[in-house]
Every structure is written in C-alpha cells, then in structure tokens.
Amino acid sequence: MLELYNTLSRKKEPFKPLHEGEVRMYVCGPTVYDSSHLGHARSIVAFDVIRRYLEYKGFDVRFIQNFTDIDDKMIKRADEEGTSTVDLATKYIQEYFEDFDKLGVKRATAFPKATEHIPEMIEHIQKLVKKGYAYEANNSVYFRVSKFKKYGKLSRQERSKEDAEEPEPAELEEKEQPEDFALWKAMKPGEPFWESPWGKGRPGWHIECSVMSTKYLGESIDIHGGGLDLVFPHHENEIAQSEALTGKPFVRYWMHNGFLTVNKEKMSKSLGNFFTIQEITAKYDPEVVRLFLISSQYRSPIDFSDAQLEEAKSRLVRIHNAIDLLQRRLHEAHETEARDPLKPSDADAELWDRLMTFQKEFETAMDDDFNTPMALASLSSFLSKTNAILSSDSTVTTGTLLKVYEILDRIGEVLGLFRDRMQLGAIKTAEATATEELIRLLIELRAQARKKKDFETADYIRKQLKEYGILLEDEKTGTTWKWI
RNA sequence: GCCGAGGUGGCGGAGUGGCCACGCGACAGCCUGCAGAGCUGUUCUAUGUGGGUUCAAAUCCCACCCUCGGCUCCA
C-alpha cells in the first residue's frame, strides 16, 4: 500500500487517486530566465522518480510541468541581455531539455507555458472578479484574500504581510489589504503586454499554475509538487484562486521536496552558491549525479560536496560490475544450455529466493513515501548476494538469470539508473567488432604467456591495454575486459 | 516575532519502543603468479545535552543547546 506525505495534513496518507488506475500530477517547473542548477535537479529528479514509481505500480500517469516564461525576472534579464522574453525563454527551455535529458528525466506529458494560456487566465480572473474574490484597481487585478476563509490551510501561515510579488509602493496603495496578491499586473512602459478587460498588462505569477493545472488535468488533481520554498506563498495562493472559483479541492496530495544545500545552506541564485547542471555533468557522469540525488529521501535536505559525488561514483561502479557479471553468466549459461540443458540447482533456488525478497523490499521502501535510500539498500544487499552466488562454482540456469535480469531492468527503470548497462546484444559497428576481436586476440596471447609462466609478457600486455583504456580482469573461467 | 525541518558511527544515510539497514573510506582474510573485481570479517558497545516513563528508548514525555529553511524572488 503506497503511502505518501501530504503537506496539507502534515502526515503520511494512503494514496488513492481520484480516478481508478490513473494519476494526474502537476509539478511546478522553472522560470526560464537562466540555467538550471543542481537545486532544480534535486526537485525534478525527485518527482521523476515518484512519477516512474507510480507507473511501475501500474498507474496511468498524466504528468504536467509548466514553464514560467513571463514574470519580473524574465523581463529584467531580457532587458539586461538586450533580447526579448520570448527569445530568452526559447533559449533556456532548450537548455532545460538538454540538461534533464542527460539526467535521464522522463519527458512530461505536456510542458505548458504561461504565455500560451493568457486567454484562459483572463477568463479565470474575470470569474473571480464576478464572484467577488478579486477586484480591479488602477488596471491591475488583485485577489481579495480576506474573502477566502481557508487561506493559510496549506502553509499554516496567517495571511502574508506583503504582496507575493515585489512590494512596490504603488501596488500597496492599490490593494485593499497588504496580503492581497496580484492576478493581473498593469503594463509598465517598455514591458511585454497582452490586451485584457483591464487594459494592457500581464498575468501575476500564481495564476498560471491554477489555470494550466485545471486545463490539462481537471479542477481537482491528485498530486501537485514542487520545492518546499513554494509552499508559501505560491501554492497557498494557487489554492485560493482555484478553490474560490470551483469550490472543489484543488489538489488532494501536496508534495514538497527538501532543499539541496551547500555547507548546510540552501543552494540558490541569490546566495551565489550554485552549480549549474552543465558544470556538474562536465565533471561527473550524469548517472552519478542522479544516484547522488536519490541517495537521500526526497523530503530530506541533501548536502552537496565533491566527496558525496565521489561516493556515488564508487557506488555506481559497484552496481555496474554486478550487472556486468550477470551479463557474462547469462551468456555463458546460454551457450552451455545450447548444448545441454542445465538442471536448476540449489544456487538457482537461492538466487530466486533472494530476488523475490529484494523485489518485496524495494516495493515496501518505495511504498513508504518513496524511500529511495532504503530502496537502494535493498538493491545493494541483493547485488552482494548475486555476486556471491555468481562468483562461486555453482551454475545457474538461464531461466533464473533472465528473471533477475527482468526485475533489475524494471527497477532500473524506476530509479532511472543503469539501464544502459543492461542492453543485451547491442548492435555493434564493424569497427567495434574488429576492435573486440583484436582485444580477444591479445587476451589469448596473454593466456598462452601466463601458461608458460611468462608473466613479464602477460603483464606487459595488460599494462599496455590499460593505457588504451582497456582493463583486463582475470577470473576463474577466463579473462574479461572492459573500457575504463 | 510567527511557521517549519533537523541534530545518528571516520563520513553519507535509513530506522519511530527491543535484537541498531545500506553505502563510502580504512584494515584484515579468502581468491590470485601479481593486480583488479568479488566474497567474508573488523572498524561499529553511533544516536545534540540533561532529566523522566518503561523489563526495554535513536524511537515516547519534559526542559535546554545548536543548525538550517519559510514569512521578499527561489525547486
């Protein structure tokens, strides 16, 4: 039974989607005025794993993530760079996809942009005005917080003392109460604008998520996610805007990820202590970065350091080695069985047993609010056992090995890890085939030298190959090699 | 001030009443011509401090100390 922590109740709750077998989730995406940094990756990867696990559980997941492509920061940055907000957005959205494809993040069902939903936002605001939840002042429109009685139910904050947007004296004068927030902002000279019933202007920040969530997923959705910093005011305001209009619960489960910190301080643009995803992936394999990010539970803070990335790297190598061993045994078993079918042995039984235990442990961990560290622990234990069995003299049938393979593949799919490693019989180019044959020839020569106790030649071959990035490893059943 | 998260071994990180995951590092043994990988074991009588409850507490209660975050843009 899947349980997840709901920020609304501050408790873990059993997860039951609104529509049987289907999950509708919305995650707040970035404002595309600058490169994504590792803090963003923390959030995006966390919800990617959540989404993947829901799919593993058999849910049909509709996953929407927005791009905020118009707001104060967009305008300011476009001005500084002498470009338009549209070009700025195009540039960083493209970069966003490059970064997160690299990190193995699955694409959302749709990536709606704020500027593509202006008419819907205007309509929503008009309805709020009609119902008395919003009012116009000097060509801007504000939400009347005092009218929405449940305001503060998510963040447990009394009403905000300031506008959620930049507090400007002019705005404060326009607003009835300081806690009211902007739904529509009147145009200032030189700014991009859209026509509206209140004159030229642009939407406030919060309205886009309410509108796009409703448009793509319906008035009530299952999961709405984002960073902990969005709880107030962003998500609180989304609830107000949406529920004031529909009278229905906007979101059933609010989920918020913890921060990525550096020296225990939040990684953020304003503190200047951030690393972009491009910087990090230039230094570490994206898969290492991903493993690092999921080695903490998504709600816990996670502290960045090179030592942590190095640890993740070692861990990943270990996982890869275990998979490589499995692949070799599978090929061997396959060749053997082509001649003479293998009988299931005690090793088969034990491996099978461990596999079932592993799968159960993995699911229990993930069912408990997506406890990825515990899930990884079960993986480690299982791989240790697999290594022990596959390194011993006992034989395991292809049937069992294939089952191990299948389950590892499914779990790799949930974590977004090591699946590249698992390609069986990948198609090779002619050059690659020739290279492999040459390497095998050298291994054969070295084996002959070793047989004659000519270790000088044997070590020379191994050393030279290592220089070319090829690592030889001697096993009982022969010598294996891999690229390093 | 208000709201919230957290302090676990050399390090990272789980665990919400008993026997304390898992990983990284270090060391030892097995294996090996050597190395690597792998396995096994040790490091490991770890739970911010002081009290209390209990046969039993990292886990529950009380007090205190410290760190970080939100209340202004932020994943």
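Chain letters run A, B, ... following the sequence lines, proteins first, then strands; residues in each count from 1.
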Taking RNA chain B as the partner, which of residues 304-319 of chain A come within under 4.0 angstrom of it by heavy atom?
-> A:Q308, A:E311, A:S314, A:R315, A:R318
Could you check whether [X] gets within reach of a base, just the sugar-phosphate, or nothing at all, counting any heavy atom under 4.0 Å?
{"X": "A:L472", "result": "base"}
{"X": "A:N371", "result": "sugar-phosphate"}
{"X": "A:S378", "result": "nothing"}
{"X": "A:L260", "result": "base"}
{"X": "A:N257", "result": "base"}
{"X": "A:G39", "result": "base"}
{"X": "A:K269", "result": "nothing"}
{"X": "A:R77", "result": "nothing"}
{"X": "A:G225", "result": "nothing"}
{"X": "A:D474", "result": "base"}

Using a strict 4.0 Å threshold on nitrogen-to-oxygen distance, state whether [X] and [Y] make a salt bridge.
{"X": "A:K266", "Y": "A:D229", "value": "yes"}
{"X": "A:D71", "Y": "A:K73", "value": "yes"}
{"X": "A:D474", "Y": "A:R450", "value": "yes"}
{"X": "A:K76", "Y": "A:D79", "value": "no"}
{"X": "A:R52", "Y": "A:D48", "value": "yes"}

Suppose we define a pair by two distances each less than 3.5 Å, Watson-Crick or G-U wobble; what does [N] pair with here?
{"N": "B:G17", "answer": "none"}
{"N": "B:C64", "answer": "B:G48"}
{"N": "B:U72", "answer": "none"}
{"N": "B:G29", "answer": "B:C39"}

Distance in angstrom units between A:H234 NE2 and B:A75 P, rounded =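 Between P of B:A75 and NE2 of A:H234: 10 Å.
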May I ask you to check whether A:F274 and A:H40 place their ring centres under 6.0 Å from each other?
-> no
Between A:Y96 and A:F100, is the gap from one ring center to the other below 6.0 Å?
-> yes
Between A:R450 and A:K482, just flag the one whose closest nucleotide in RNA chain B comes earlier from the 5' side.
->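 First, find each residue's nearest nucleotide; the 5'-ward one identifies A:R450.
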If you find the nucleotide of RNA chain B closest to A:H37 and the one closest to A:S381, which residue's nucleotide is nearer the 5' end?
-> A:S381
B:G33 pyrimidine/purine six-ring stacking with A:F455, under 5.5 Å and 30° =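 The ring of A:F455 is stacked on B:G33.
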Do the side-chain N or O atoms of [X] get closer than 4.0 angstrom to the phosphate oxygens (OP1, OP2) of [N]?
{"X": "A:S384", "N": "B:C39", "result": "yes"}
{"X": "A:N387", "N": "B:C39", "result": "yes"}
{"X": "A:W205", "N": "B:C74", "result": "yes"}
{"X": "A:K266", "N": "B:G70", "result": "yes"}

Does A:D459 get its side chain close enough to the base of B:G33, under 3.5 Å, for a donor-acceptor pair?
->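 For A:D459, whose side chain was compared with the base of B:G33, there is a donor-acceptor pair (under 3.5 Å).
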Assess whether one donor atom and one acceptor atom, taken from the side chain of A:R462 and the base of B:A35, lie less than 3.5 Å apart.
->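 Result: at least one qualifying N/O pair found.
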Polar contact flag, side-chain donor to acceptor under 3.5 angstrom, A:R440-A:T479 | no
Could you tabulate the donor-acceptor pairs under 3.5 Å formed by side-chain atoms of residues 102-113 of chain A, not counting sequence neighbours?
{"unit_1": "A:K102", "atom_1": "NZ", "unit_2": "A:T281", "atom_2": "OG1", "d": "3.1"}
{"unit_1": "A:K106", "atom_1": "NZ", "unit_2": "A:E55", "atom_2": "OE1", "d": "2.8"}
{"unit_1": "A:R107", "atom_1": "NE", "unit_2": "A:D101", "atom_2": "OD1", "d": "3.1"}
{"unit_1": "A:R107", "atom_1": "NH2", "unit_2": "A:D101", "atom_2": "OD2", "d": "2.7"}
{"unit_1": "A:T109", "atom_1": "OG1", "unit_2": "A:F63", "atom_2": "N", "d": "2.8"}
{"unit_1": "A:T109", "atom_1": "OG1", "unit_2": "A:F63", "atom_2": "O", "d": "3.2"}
{"unit_1": "A:K113", "atom_1": "NZ", "unit_2": "A:E116", "atom_2": "OE2", "d": "3.3"}

Would you indicate which nucleotide in B:A14, B:G70, B:C39 comes nearest to any side-chain atom of A:F232?
->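 In terms of side-chain proximity for A:F232, the closest of B:A14, B:G70, B:C39 is B:G70.
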From the candidates B:G38, B:G13, B:A21, the one with an atom nearest any side-chain atom of A:A377 is B:A21
B:A58 to B:G48 separation - P atoms, rounded to the nearest Å |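 B:A58 and B:G48 have their P atoms separated by 10 Å.
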Whole-Å P distance, B:G69 and B:C61 |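 Result for the P pair: 27 Å, nearest Å.
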